[in-house]
Amino acid sequence: MKKGVPVSPGIAVARAFCIDNLLVRREPSHLDVTALSAEIRRFEDAVVTVGSDLDAIADRVSRQIGEEEAAIFRAHRLLLRDPAFVGKVKSAICNRQVDANTALHDTLDEYATLFSHIPNEYLQERMADIRDVITRLLTHLSLHSPPKALQESSEAVIVVAPEVLPSQALSFVAQTPVLAPGVPEHSRRQGIPVAGIITERGGATGHAAILARALGIPAVSGLKGITQEVHTGDFIAMDGREGHVYINPGPEVEAAYRKLEREYVNLSDSLISNRDQEARTRDGERIELLANVNSAADAALALRAGASGVGLYRTEFLFIAHPTVPDEEEQFHAYRQVIEAAPNRTVTIRTLDLGGDKQVPYFERHRETNPFMGWRSIRLTSAYPEFFQTQLRAILRAARYGQVEILFPMISTLDEVQRLKKTLQRARQSLLKAGESLEHPVPFGIMIEVPAAALCIDNLLDEVDFVSIGSNDLTQYLMAADRDNPKVAHLCEPFSPALLRTLNHVIKCCTARNKPVTLCGEMAGRPRCYLPLYGMGLRRLSMSPAFVPSMKELVQRLSLEVGQEVADRVLQMRTAGEIQGYLTKKIRQIWPEVSILDMRR
Ligand code: PEP
Ligand code: MG
């Protein structure tokens, strides 16, 4: 048995499917002579598709971001038209009788050897361009035309990979969709059926993990070397609640895991029956259980799960999944669809939060040593005023169709907040000038994710209508522990005294000033974590739709007396271990069956 980092709860028993790291060479796949012309065609198709993607990206980037950035894509496009480059790959396929992926790796190696002898900065940059184009082709070959076996497999598989990118996770669907009862077939997502995900890299609050949880796919990360040990077709039993993985288990383990799987699914299904009930504590106090969504389909699912609205719409997934850059009309339609999927409910739309582990190619020029600490989120969008204005206009236009709030991520200073208010005002003015009618004021909120903002929350509250605490980022910045790195995952657990005292400070300040405060990080969906937060005064949570039913069950078991006692106790404690142990004991008293859902919750 192997023990990794548990990143998404659930049990899976299925065959493995191994996916390569795109730029890490795998065993060459030798082809029969008869298969060569089909493989050349597969490569040519990839060149055509990637070429037209690059044309479209260059056009849109030029219009929305700038000609300087667009020039990168035009250069990449030219490379695909270069007969020497294309010819090299084709002859590698024919002469060495290998698949297109292997031929691309061979070509990359050839260029790397050639360029390494010429210490010229300009040529080194061209090497980076070649690497980018080859990555794009490999991505296309592996993802957009995923390995035939994976595409055609009607049986869900457990994906085993060095890491899963958010863009890859978007193409997966759960084997047993959580919240399945009552969800009509047409509103289910299409995609590759995946029973589980096992990776070498990736932390519990990284975005691939968040997507896995949102999709209801069990996942375990941090298993270094697993891609060497597991082969496609191996039988796997995994427990995403504990991080346990068995490779080719014996019949006893298999039977035990199948039993656990049934228990887990049964309890999840039974909880969904509370979806029409209000989330009220034993004292009758109402708690707002909102959902984090990435699309209109998620918003519809969230309502079916019993969420009272959308507390966080992560708009960046529209950009990550889009082949080019969505323009104002495309954004407007996407936002409107989410708003209309949650009629008469509040929908909090967060402006683009790219950077860190959420990358799109058009900003790739700016790769950094410390992407989470650098040019990310609001810092990045603010650097492209026209690009940002396009998004703000699209949100304001869509806001006419419902109850919308606008949320700005990763705020660090008061200056930023004041500047953003003007930026939003500018978008409003430009729409009014164009004859749009904007009657409703759209509430303006900020995310508290940077410790500096948490500490100075008092100053920021003067300027905003509401606050949303992004505890995933707040934890990583407070603890100086990358949320996506399994080696420091123990520091990213939400039980540290530093985090809980910081949250207490933010919640108390917001409550005293009558400003609504929501917590929308992953800890919002973990019952144990809510015990002290409730006692601190937090009444609004936003989480993956899959966790709404269990959080509603918890709320119905809560009383103010217990909440306050728990908050007082944990705020006195000095270590994360002590806090975690105490909360585990407490949650089991309040709700003994909770551990079936997730040992860690
Ligand atoms: C957070 O940081 O807690 C948050 C909700 O934002 P994201 O996970 O998208 O960074
Ligand atoms: Mg965040």
Side-chain angles (χ1 to χ4, degrees), residues 7-8 165-167 169-170 202-215 289-295 298 302 307 310-321 348-360 371-381 405-412 416 445-454 466-485 489 491-494 496 499-500 502-503 506-507 517-526 529-530 533 538 540-547:
V7 298
S8 176
L165 303 174
S167 53
L170 283 174
T205 54
H207 288 93
I210 290 175
L211 284 172
R213 278 193 291 274
L215 298 170
L289 297 182
L290 304 149
N292 296 348
V293 308
N294 304 324
S295 64
D298 286 356
V310 171
L312 173 67
Y313 169 21
R314 290 182 163 105
T315 56
E316 53 277 6
F317 289 101
L318 170 68
F319 289 69
I320 291 173
T348 307
I349 305 185
R350 177 173 79 180
T351 66
L352 257 185
D353 186 40
L354 287 172
D357 61 342
K358 287 177 287 192
Q359 296 288 346
V360 289
F372 273 116
M373 306 269 273
W375 214 47
R376 189 194 159 196
S377 191
I378 204 69
R379 305 168 183 184
L380 192 150
T381 35
E405 300 178 338
I406 190 162
L407 179 63
F408 293 90
M410 208 188 171
I411 297 302
S412 311
E416 261 170 5
I446 54 169
M447 284 191 80
I448 300 299
E449 309 189 88
V450 175
F466 68 97
V467 157
S468 191
I469 305 172
S471 54
N472 305 333
D473 278 317
L474 185 58
T475 312
Q476 80 162 339
Y477 295 132
L478 206 55
M479 303 302 290
D482 184 342
R483 61 193 269 187
D484 222 7
N485 183 346
L491 291 170
C492 281
E493 281 292 325
S496 75
L499 177 68
L500 291 168
T502 307
L503 293 175
V506 174
I507 295 164
V517 51
T518 306
L519 187 138
C520 64
E522 289 303 294
M523 68 188 287
R526 294 176 68 174
C529 299
Y530 187 49
L533 298 177
L538 186 71
R540 299 169 61 85
L541 296 168
S542 190
M543 67 203 79
S544 163
F547 297 146

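Indexing begins at 1, ligand by ligand and atom by atom, following the structure's order. None of these values were measured; they are calculated from a predicted model.
In terms of protein heavy-atom proximity, atom 2 (O) of ligand 1 is closest to E449 OE1, 2.8 Å. Nearest protein heavy-atom neighbour of atom 7 (P) of ligand 1: H207 NE2, 3.2 Å. Closest to atom 6 (O) of ligand 1 among all protein heavy atoms lies R350 NH1, 3.0 Å.
With a 4.0 Å heavy-atom cut-off, ligand 1 is reached by the side chain of I210 but not by its N, CA, C or O. The residue L474 has no part lying near ligand 1, judged by heavy-atom distances below 4.0 Å. Only the side chain of D353 comes within 4.0 Å of ligand 1, judged by heavy-atom distances.
Looking only at N/O/S atoms, D473 comes nearest to the Mg ion (ligand 2) through OD2. In terms of distance to the Mg ion (ligand 2), the nearest N, O or S atom of E449 is named OE1.
Each of the atoms 5 (C) of ligand 1 lies under 4.0 Å from some heavy atom of L312. Using a 4.0 Å cut-off to heavy atoms of K358, the atoms of ligand 1 that qualify are 9 (O). When each atom of ligand 1 is checked for a heavy atom of C520 under 4.0 Å away, the hits are 5 (C). Short contacts between ligand 1 and R376, defined as distances under 4.0 Å to a heavy atom of the residue, involve ligand atoms 10 (O).
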- request: Kindly determine whether V450 and I411 satisfy side chain to side chain contact (heavy atoms under 4.5 Å, CB included), including the steps that lead there.
  value: CA-CA 7 Å; V450 175; I411 297 302; over 6 Å; no
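Between atom 9 (O) of ligand 1 and the options M410, R314, M523, R483, the minimum heavy-atom separation is to R314. Across Q476, M447, E522, heavy-atom proximity to atom 4 (C) of ligand 1 is greatest for M447.
You'll find the side chain of M447 stays beyond 4.5 Å of the side chain of I378, heavy atoms only. With a 4.5 Å cut-off on side-chain heavy atoms, L541 and L290 do not count as touching. No side-chain heavy atom of L407 sits under 4.5 Å from any side-chain heavy atom of I349.
Salt-bridge check for D353 with K358: passed, with a basic side-chain N closer than 4.0 Å to an acidic carboxylate O. The existence of a salt bridge linking R376 and D357 is excluded, since no basic side-chain nitrogen approaches an acidic carboxylate oxygen closer than 4.0 Å. Electrostatic pairing of R526 and E493 counts as a salt bridge here, judged by a charged N lying under 4.0 Å from a carboxylate O.
Between the side chains of R213 and S8, no donor-acceptor pair of N or O atoms lies under 3.5 Å. Side-chain N/O atoms of R350 and S468 include no donor and acceptor closer than 3.5 Å.
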